[in-house]
Amino acid sequence: MNSILAARGSRGLSFASGTQTTAEPRDDSSHCRVMGFSRDGTFFAWCNGESVLIYDVKSGKSLHKFPKPKAVGLVFSPMSTCLCIWSPYSVGVSGTTGACNLCIYKTESGELASEYIHKKFDAWSPQWSVDEAICANNVSNEIRFYSEIGGSMTHRLRIENVASFSLSPGASPCKVAAYVPGAKAAPSFVRIYQFPNFGSPASALANKSFFKADRVEIKWNQNGKSSTKQT
């Protein structure tokens, strides 16, 4: 498969291979706010202000269209089996609970695998291990783990005020790095656990505390055996 470049702008969305602009996919909408390839380059997704669409790069065919006109976040799972879509949350009529704004669809079938409310854009995306044997998301002071998206929760890592987390790449066992921002005189910290050993803070493989950091970016090396924290 040749290298493909996707570009969006006031004239819409277009693909290019080498120095040539290709015919597909072409979207003349000037409202394309978000787009992205799957990790292996097999699929491409974008939102044109009316729908989110999935395109099969290898076959050159459009696969699915989802009615998500306000989508601003698109992420494929590591093995391209799922597409996650995040739209800004809005409350219902008279202040009631609004509709689920984070939806996860099966890439091949277009089936809705899971949906739930995640109000903030920060750290919105679920995360997977590289083999997709583990899926995790951050919900109300805990990181929840599933063996398959849409299935029952298998494990949880309870950490008060956890703001974000990161799963390590590479072979199992998977590592989980969790970030908690500082409050008052308490420092921020990152703790690294080995899945599924979440018994207590003492179960952590490593702990790093620091002051004057309102956000942290966690980066792993390719095999997931080392990580750095950028504040």
If I compare all heavy atoms of [X] with all of [Y], which pair ends up nearest, and what's the gap?
X	Y	result
F43	E108	CZ-OE2, 3.7 Å
Y55	G60	OH-CA, 3.3 Å
T107	L63	O-CD1, 4.2 Å
H118	D122	NE2-O, 3.7 Å
F189	S209	CB-OG, 3.8 Å
S80	S38	OG-CB, 3.3 Å

Keeping the roles fixed (side chain from [X], backbone from [Y]), state whether a donor-acceptor pair exists under 3.5 Å.
X	Y	answer
S29	H31	yes
R191	A204	no
Y89	G98	yes
S188	P181	no

Rounded to the nearest 0.5 Å, how far does [atom2] of [Y] lie from [atom1] of [X]?
X	Y	atom1	atom2	value
L205	S227	CG	OG	10.5 Å
K119	S90	NZ	OG	11.0 Å
N197	S203	CG	OG	6.5 Å
K208	T228	NZ	OG1	12.0 Å
H155	M153	NE2	CE	10.5 Å
I149	C84	CD1	SG	6.5 Å

Transitively linked via ILVMFWY side-chain contacts under 4.5 Å: [X] with [Y]?
X	Y	result
Y146	Y116	no
L102	V72	yes
I134	L157	yes
L112	L83	yes
I192	V216	yes

Are any non-hydrogen side-chain atoms of [X] and [Y] less than 4.5 angstrom apart?
X	Y	answer
T42	F76	no
F211	P187	yes
N48	L53	yes
N223	N221	yes
R156	V139	no
C82	K106	yes
D27	C32	no
I85	L74	yes

Qualifying side chain to side chain donor-acceptor pair (under 3.5 Å) pairs with a residue from residues 124-134, counting only residues at least two apart or across chains: S77-E132, T81-E132, S129-D131
Test side-chain hydrogen bond (donor to acceptor under 3.5 Å, both in side chains) applied to N101 - qualifying residues, sequence neighbours left out: none
Distance flag, aromatic centroids of Y105 and H64, threshold under 6.0 Å: no
Aromatic ring pairing F198/Y193, orientation class (parallel under 30°, perpendicular over 60°, tilted between): perpendicular
With a 3.5 Å cut-off and sequence neighbours excluded, list the donor-acceptor pairs that the side chains of residues 160-174 form with protein atoms.
unit_1, atom_1, unit_2, atom_2, d
S166, OG, W220, NE1, 2.9
S168, OG, K175, N, 2.9

Test log, rule side chain to side chain donor-acceptor pair (under 3.5 Å), inputs N137 and R144: CA-CA 6 Å; N137 62 359; R144 299 177 180 178; 5.6 Å; no
